[in-house]
2 protein chains.
Amino acid sequence: MLDPVSRIRRFNRAVTSEVGALDTGFLGRGRPLGVARVLNAIGHGRADVADIRDYLGLDSGLMSRFLRSLEEEGLVETVPHAADARRRVARLTPAGEREFEAYEALSNARAQALLARHPKPDALLAAMDLVASALGRDRVSVVEADPACPEARHCLGEYYAELGRRFERGFDVALSRDPDAADMRRPRGAFLIATSDGIPIGCVGLKGTGGTAAEIKRLWVSPAARGLRLGRRLMEAAEAAARDLAVEVLRLDSNSALVEALALYRATGWSEIERFNDDPYPDLFFEKRL
Amino acid sequence: MLDPVSRIRRFNRAVTSEVGALDTGFLGRGRPLGVARVLNAIGHGRADVADIRDYLGLDSGLMSRFLRSLEEEGLVETVPHAADARRRVARLTPAGEREFEAYEALSNARAQALLARHPKPDALLAAMDLVASALGRDRVSVVEADPACPEARHCLGEYYAELGRRFERGFDVALSRDPDAADMRRPRGAFLIATSDGIPIGCVGLKGTGGTAAEIKRLWVSPAARGLRLGRRLMEAAEAAARDLAVEVLRLDSNSALVEALALYRATGWSEIERFNDDPYPDLFFEKRL
DNA sequence: AGCATTAGCTGACTTTAGTCAGATACCTTC
DNA sequence: GAAGGTATCTGACTAAAGTCAGCTAATGCT
């Protein structure tokens with residue numbers, strides 16, 4: 001087998017020139033790269049000036065000049081922050097929106113061209129997800145979200161599909177005790193999503209009762225991100241949310257086909273208990289006191 | 001399923017910051033990035049000044065200044081090209097070698113750290129190979145090489161391993177008519193290797209007789225690079241080499257398990273003929289007149 | 001031999017990115 | 001309401017990268 005390090009370095013070289021090409025694409029619209037990056041950060045929903053500065057790693061003076069330059073071009077306008085008049089909030093003008101869309105079109109066209117000329121686009125995407133997860137493991141963030149938002153629905157869809165593959169007789173949500181979304185929202189419960197650069201790669205639900213007991217549901221980690229201790233991080237966040245809601249006892253049901261999850265529960269202080277529901281899918285039941 | 005384009009763009013972001021981190025690592029040795037890149041290009045075997053300039057996309061004036069700066073540091077020396085006194089050839093001094101090694105150690109340490117903390121390093125490497133092949137398909141070069149060089153041996157090893165997996169009863173080189181390496185070297189034959197950024201990803205052998213007949217052997221394409229028409233390119237290069245050797249008739253033997261190769265032969269003017277050897281593995285035989 | 005071409009070098013220049021020290025206005029806390 | 005801290009802005013600066021025209025010397029071609 002070839003030296004792993006030289007394989008990685010070949011990858012670096014291939015990707016460096018691709019990234020370089022992307023940068024020159026950004027330069028293609030007659031604007032320096034730094035300014036274009038700020039415009040795109042705003043277009044992607046970053047509004048707070050400090051947030052953009054932090055995301056792009058810019059000096060405050062430089063950031064200020066980039067913003068002035070975008071304002072002079074008529075692409076961006078800044079207004080004071082509603083709650084703190086020291087801070088400023090940036091947003092695109094209609095002209096800025098059009099310019100942002102032009103950048104998006106450039107990136108999208110590149111991405112589509114890459115996929116279109118590849119014989120196995122699905123395999124290529126899966127490989128890119130795996131690499132992106134490996135490289136970006138330090139940039140994964142776990143945040144509370146609504147269990148009905150698009151990101152949550154994506155995670156749940158993947159979760160059901162995975163159960164369908166794992167269980168011998170498949171999986172049908174309708175037969176399972178699907179928790180009411182309201183039970184996974186504050187103040188009764190919570191729903192947590194792990195994202196990497198905006199892409200959802202894992203989730204967990206905390207189904208509350210309003211009392212001191214709650215249940216962990218829907219723990220899922222994207223195949224590309226497995227082994228990176230994301231499940232553990234999600235469970236820790238769910239337990240923290242439970243403590244925050246004054247929950248004292250957590251329960252969960254699981255299935256012996258879900259070996260990674262079972263190993264995680266056993267390693268993090270969960271103890272097996274008797275069956276506590278009549279859902280047809282689970283065959284193992286756990287409890288943890290907080 | 002998530003939008004493929006946003007998955008690719010997440011990949012781009014993950015990789016951009018990785019590449020950026022690598023660049024700042026390169027800056028850690030107190031030398032501007034441009035100069036460091038030239039030093040590394042020379043260390044990686046690029047000697048011709050014009051070649052380096054082309055590879056790094058530099059203006060000739062800038063390139064010249066970078067070289068002067070490296071010469072002043074005592075890391076590089078330039079001498080006139082043996083055949084063309086206008087051109088210059090750069091090479092590392094012993095001090096330059098040491099400095100280059102220090103950069104190499106930095107890159108290698110990064111790569112090893114990435115692998116070490118990943119749960120499935122083999123899967124990660126395979127994914128990186130696939131992505132690198134997809135991105136670098138325009139940078140694949142097919143060159144003649146010695147059939148006993150390390151790159152060729154790597155390809156042949158992978159080829160035998162693949163046959164072992166594909167054939168029901170496995171594959172043992174000792175039982176096959178392994179061509180003598182001398183038959184795949186000029187002036188009797190040729191051996192061609194496809195490389196992507198220095199990594200071998202495919203090969204083909206032309207086994208000559210010294211007369212007007214020759215045989216195609218050992219056509220192999222790395223799994224990560226399949227579907228990118230590399231097999232076709234290798235065969236075209238082999239046919240060109242055969243014409244160059246005044247070969248008029250090409251033959252080859254194959255096996256019905258090698259479906260991609262068979263499709264390629266049938267699509268590129270080969271016609272099936274009677275068995276022409278008693279090798280135990282092949283069950284299909286082809287011929288092509290040049 | 002004569003002439004266009006090529007590779008590399010040099011000097012003068014611009015653009016871009018980034019740094020740093022105040023200045024200003026605002027916020028939080030005591 | 002004073003003190004100390006924070007977010008942003010401005011001006012003055014530097015480093016690095018890149019551009020461009022013109023130069024020299026060697027080469028290829030007729």
Side-chain angles (χ1 to χ4, degrees), chain A residues 16-17 19-42 46-73 76-91, chain B residues 16-17 19-42 46-73 76-91:
Chain A
T16 302
S17 66
V19 167
L22 197 71
D23 281 356
T24 41
F26 267 39
L27 290 170
R29 297 192 64 78
R31 200 169 287 115
L33 189 56
V35 180
R37 295 210 304 157
V38 171
L39 177 69
N40 279 280
I42 300 171
R46 287 176 197 269
D48 234 70
V49 169
D51 178 37
I52 300 168
R53 209 171 53 205
D54 192 51
Y55 175 66
L56 298 176
L58 295 173
D59 172 86
S60 71
L62 193 52
M63 176 71 200
S64 191
R65 262 178 280 267
F66 285 166
L67 272 181
R68 282 311 79 69
S69 152
L70 287 167
E71 280 182 332
E72 272 165 37
E73 273 197 272
V76 163
E77 52 193 13
T78 59
V79 293
H81 192 280
D84 180 346
R86 289 170 307 181
R87 312 173 76 168
R88 310 224 75 188
V89 174
R91 61 160 177 255
Chain B
T16 303
S17 67
V19 167
L22 197 71
D23 283 355
T24 40
F26 268 37
L27 289 171
R29 297 193 64 78
R31 200 168 285 115
L33 188 57
V35 180
R37 295 211 303 158
V38 171
L39 177 68
N40 279 281
I42 299 171
R46 287 176 197 268
D48 235 72
V49 169
D51 179 36
I52 301 169
R53 210 170 52 206
D54 193 50
Y55 175 66
L56 297 176
L58 295 173
D59 173 87
S60 73
L62 194 52
M63 175 72 199
S64 192
R65 262 177 281 267
F66 285 165
L67 272 180
R68 281 312 79 71
S69 153
L70 286 166
E71 280 182 333
E72 272 165 36
E73 274 197 273
V76 162
E77 51 192 14
T78 61
V79 293
H81 191 280
D84 180 346
R86 290 171 306 180
R87 312 174 76 165
R88 310 223 78 193
V89 174
R91 64 162 175 254

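Letters A, B, ... are given to chains in the order of the sequence lines, protein chains preceding strands, and every chain is numbered from 1.
When the side-chain hydrogen bond (donor to acceptor under 3.5 Å, both in side chains) test is applied to B:Arg87, the partners found at least two apart in sequence or on another chain are B:Asp48. Not counting sequence neighbours, the partners of B:Arg31 by the side-chain hydrogen bond (donor to acceptor under 3.5 Å, both in side chains) test are B:Glu73, B:Glu99, B:Tyr103.
One interatomic measurement links the two molecules: CD of B:Glu72 to P of C:dC9, which rounds to 13 Å at whole-angstrom precision. Atom CD in B:Glu71 sits roughly 14 Å away from atom C1' in C:dT10 (whole-Å rounding). Across the protein-nucleic acid pair, B:Asp48 atom CG and C:dG8 atom C1' stand 12 Å apart, rounded to whole Å. For the pair B:Arg87 CZ and C:dT5 P, the computed distance is 18 Å after rounding to whole Å.
In this structure, B:His81 NE2 and B:Arg88 CZ are separated by 12.0 Å, a value rounded to the nearest 0.5 Å. If you take CG on A:Leu39 and CD1 on A:Ile52, they are separated by 10.0 Å, rounding to the nearest 0.5 Å.
Direction change of the helix axis from one end of the helix from C:dA1-D:dT30 to C:dC30-D:dG1 to the other is 30°, with five pairs defining each end axis (rounded to 10°).
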Could you pull out every donor-acceptor pair under 3.5 Å between side chains of residues 54-67 of chain A and any protein atom, sequence neighbours left out?
| from | atom 1 | to | atom 2 | distance (Å) |
| --- | --- | --- | --- | --- |
| A:Asp59 | OD2 | A:Gly61 | N | 2.7 |
| A:Asp59 | OD2 | A:Leu62 | N | 3.3 |
| A:Ser64 | OG | A:Arg68 | NH1 | 3.4 |

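When DNA chain D is scanned 5' to 3' for any atom under 4.0 Å from a heavy atom of chain B, the first and last hits are D:dA16 to D:dT27.
Residue contacts shown for A:Arg31 are absent, as no nucleic acid heavy atom lies under 4.0 Å away.
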Distances for protein N or O near nucleotides 18-26 of chain C N or O, under 3.5 Å:
| from | atom 1 | to | atom 2 | distance (Å) |
| --- | --- | --- | --- | --- |
| C:dT19 | O4 | A:Arg65 | NH2 | 3.1 |

